[in-house]
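Residue numbering restarts at 1 for every chain, and letters A, B, ... go by the order of the sequence lines.
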Number of protein chains: 2
Amino acid sequence: MEKEKIAQAIEILHELDIDLWMVIDRESGLISDPVMDYVVGSGVTWLSFFLFFKNGEKHALVGNLDIEKIRRTGLFDTVSAYKGSPRTDLLELLNHHNPAKIAIDYSPDSAAADGLTHGNYLKLLELLQDSEFPARLVSAENVIAKIRGKKSTEELRRLKLACQKTLEIYGRLGQAIRPGMSEKDLADWITAEREKMGLAAAWEVSSCPAVFSGPQEIGAHSAPTANILKPGHVFNVDFGVVVDKYCSDLQRTWYILRPGEKEAPPDVQKGFTVLIESIRLAFAALKPGVRGLDIDQIARGYIVSQGYEEYPHALGHQVGRYAHDGGALLAPDWERYGKLPFMPLEKDQVFTIEPRIYIKDFGVATVEEMVVISAEGAEYLSQPQRELYLLKTNQ
Amino acid sequence: MEKEKIAQAIEILHELDIDLWMVIDRESGLISDPVMDYVVGSGVTWLSFFLFFKNGEKHALVGNLDIEKIRRTGLFDTVSAYKGSPRTDLLELLNHHNPAKIAIDYSPDSAAADGLTHGNYLKLLELLQDSEFPARLVSAENVIAKIRGKKSTEELRRLKLACQKTLEIYGRLGQAIRPGMSEKDLADWITAEREKMGLAAAWEVSSCPAVFSGPQEIGAHSAPTANILKPGHVFNVDFGVVVDKYCSDLQRTWYILRPGEKEAPPDVQKGFTVLIESIRLAFAALKPGVRGLDIDQIARGYIVSQGYEEYPHALGHQVGRYAHDGGALLAPDWERYGKLPFMPLEKDQVFTIEPRIYIKDFGVATVEEMVVISAEGAEYLSQPQRELYLLKTNQ
């Protein structure tokens, strides 16, 4: 898929009028630019430069013992190697093309676009000193936001499949519930199901799945605990899997019936209905060009208007090879989100929608769906949860 | 082991007279400071600050939904959480302690100490603007070099065990050689042995092991190829495993006897003997206080004096949780190694010694040992190769 992604990158350079995008990496096993996996597909040992020019040329400059590995990727027009310092070769490439705008991978707002370490940045400045190039450096955050954000048909297929596998496990969850089961027990059951299916977890296994049951403060923990899942609890699960490198990230909510109950109590039902309605309203407003800020406000404002506390996080994030993928965010204008809530949404971006409501005395209701922005709206990648799932522990 | 490493870090702050060491991370699943694994032991989602003060205080400042996870590590005196921006809490901590020197994780020379991304660095400057703290920032490269470099008894035990497991596989390798076997076939056999032992590879599996047979240019490739291991070939393997997070990295050299041969031809024997002698000379010179530069020169100079081309890389690197671990390096003063060859060696650091000789018409001889610097010299963690291993493919 690297060839497809590089071709996409070069189109993006045209769109953004950037002459050169330069990815810099070293000792990839220790710390590596996350975009390497998209456009190089291999790690390196020594300080390496991967140059993608607007005119379509692709050049790599690597330490001498990395050369064969990078040549074999077949992705670059030239792969040159240095022994002492990359300076001469790097300056030659830059002088030859004389790019007016050079994008490099740093971003205070988006971790996905922030793959350049500060030490490598300083090293770059040192290599370029006495040239005009340092003044031409700009952030590649928009390049990377588009590379990671705009999904191809194949990427969407994988994301949809990851959703489907996750929902299959959720679909069987009711059968697993037993009296006296803890959050941790249920998490272990989900993990065992995932492993039977041969799939990796979409994030750190200690909180994938997260299981959260009963009347506890929102966000009291993310790793599942020894809390027992009891009748009268609202409980939620947050979980995702990886299919061919692409993640799902979906939440569902259940209610455990108390003896004699046939349905959830009115307070629980009301909270769940408000939650689902907030998702519906946000979903209906999605389309290219709107800002994430405004989408978040639709769900947040509706929940608050119905008498609930606002959720203490963003409404949704992008999903791709990473469960919290980079770029535009459906988030309020809190300082911690930087400028991401203000970026207009684009066609083929994939977002979660994940509001949260605390239902007093019962627990936290959360539902998280995954959607793709289409030409004039959005479509679900997941089968959305419409009804509260009811369970008995003594079945 | 995080508690032990934090205690060590605080001693190091005294030694280096640094008032505060601050580790900064976010979205650890995407890109994460490699030192997080040593002193936090958990990843985070939102921009997080881990502050280790010379006076022994340890404070964490994290996004609101990360708080429980970090609290549970039990490593910090306080864990505070922010919703909007970490600015107020961060400035409060800094103003309260008023550190004169604040170390942060960037290093142009050492990837292991270069865990702060450039975007997070800019974010930090923005959070600290209008304060006096930006002028007090210094590189934590010496802190991290010591944390990763100076091994405890337990760390040495694990490294030694990783060496032993690697040598066990090398010891069985002679039995696996068959006529017509390729580099790739042998690599697959080694991988199967490793997997049977339930061990992970010490670096990217595509070149762990590297297998390199016969008269090819040094470093022509690192991934094993379809080249057939033939009688008359010198071949070498570069391989390592991970035991309880700690790596080995060892190379051995074999010669495949031609029909009628009982020993290696004189040219092969001579090349191998020079190689082993260069290791012996470098090893004998190791002790605390010497510079890696001088050790490299001993082996390099001896090899050149015997009529061979110098090896196109460093003589040795540190080993720890990463096969190419950070800090002082046994390397020539080539620009690409920055100041690492000039750092004096310290007791309890673990290094490889890995010279390389091209034996014309036969192949590349390499031997890589692992050693620990002791109070007055060095000790082998590996059982060193003294004799060239002879093989027959038709056994």
TODO: Using non-hydrogen atoms and a 4.5 Å limit, figure out which bit of B:Glu141 sits close to chain A: side chain, backbone, both or neither.
DONE: neither
- [ ] Could you tell me which of B:Ser32, B:Ala81, B:Ser110 has the largest number of non-hydrogen atom pairs under 4.5 Å with chain A?
- [x] B:Ser110
Task: Under 4.5 Å from a heavy atom of chain A, the part of B:Glu27 involved - done: both
Output side-chain donor-acceptor pairs under 3.5 Å for residues 34-45 of chain B, partner residues at least two apart or in another chain, one line each.
{"residue": "B:Asp37", "atom": "OD1", "partner": "B:Lys245", "partner atom": "NZ", "Å": "3.1"}
{"residue": "B:Asp37", "atom": "OD2", "partner": "B:Arg321", "partner atom": "NH1", "Å": "3.0"}

TODO: Just give me the residue among A:Tyr322, A:Tyr106, A:Tyr337 that pairs up with chain B most often, heavy atom to heavy atom, under 4.5 Å.
DONE: A:Tyr322
- [ ] Could you pull out all residues at least two apart from A:Tyr121 that satisfy ring-ring contact (aromatic ring centres under 6.0 Å, His included)?
- [x] B:His118
Open item on the list: Taking atom CD as the centre, does B:Glu126 end up with more than 12 heavy-atom neighbours from other residues, nucleotides or ligands that are less than 6.0 angstrom away?
Closed with: yes
- [ ] Check each atom of B:Asp109 against the heavy atoms of chain A and say whether the ones under 4.5 Å are side chain, backbone, both or neither.
- [x] both
TODO: Tell me the residues of residues 311-320 of chain A whose non-hydrogen atoms fall below 4.5 Å from those of chain B, in number order.
DONE: A:Pro312, A:His313
Task: For the student: nearest non-hydrogen atoms of B:Pro108 and A:Leu122, plus distance - done: CG-CB, 4.1 Å
Task: Interface moiety of B:Leu47 toward chain A, non-hydrogen atoms closer than 4.5 Å - done: neither
- [ ] Taking the side chain as every heavy atom from C-beta outward, state whether A:Arg72 and B:Thr225 have any atom pair closer than 4.5 Å.
- [x] yes
Open item on the list: Between B:Arg87, B:Lys69, B:His324, who has the most heavy-atom pairs with chain A when the cutoff is under 4.5 Å?
Closed with: B:His324
Open item on the list: Testing the basics here: between A:Arg336 and B:Gly63, what is the closest heavy-atom pair and its distance to 0.1 Å?
Closed with: NH1-CA, 4.4 Å
Open item on the list: So A:Ile31 and B:Asp33, do their side chains get closer than 4.5 Å, heavy atoms only?
Closed with: no
- [ ] Against chain B, label A:Lys83 side chain, backbone, both or neither, depending on which of its atoms sit under 4.5 Å from a heavy atom there.
- [x] both
TODO: Name, in order of residue number, those residues of residues 327-335 of chain A that have a heavy atom at a distance of less than 4.5 Å from a heavy atom in chain B; otherwise write 'none'.
DONE: A:Trp334, A:Glu335
Task: A:Asp114 side-chain N/O to B:Thr117 backbone N/O, donor-acceptor pair under 3.5 Å - done: no
TODO: Using non-hydrogen atoms and a 4.5 Å limit, figure out which bit of B:Leu125 sits close to chain A: side chain, backbone, both or neither.
DONE: neither
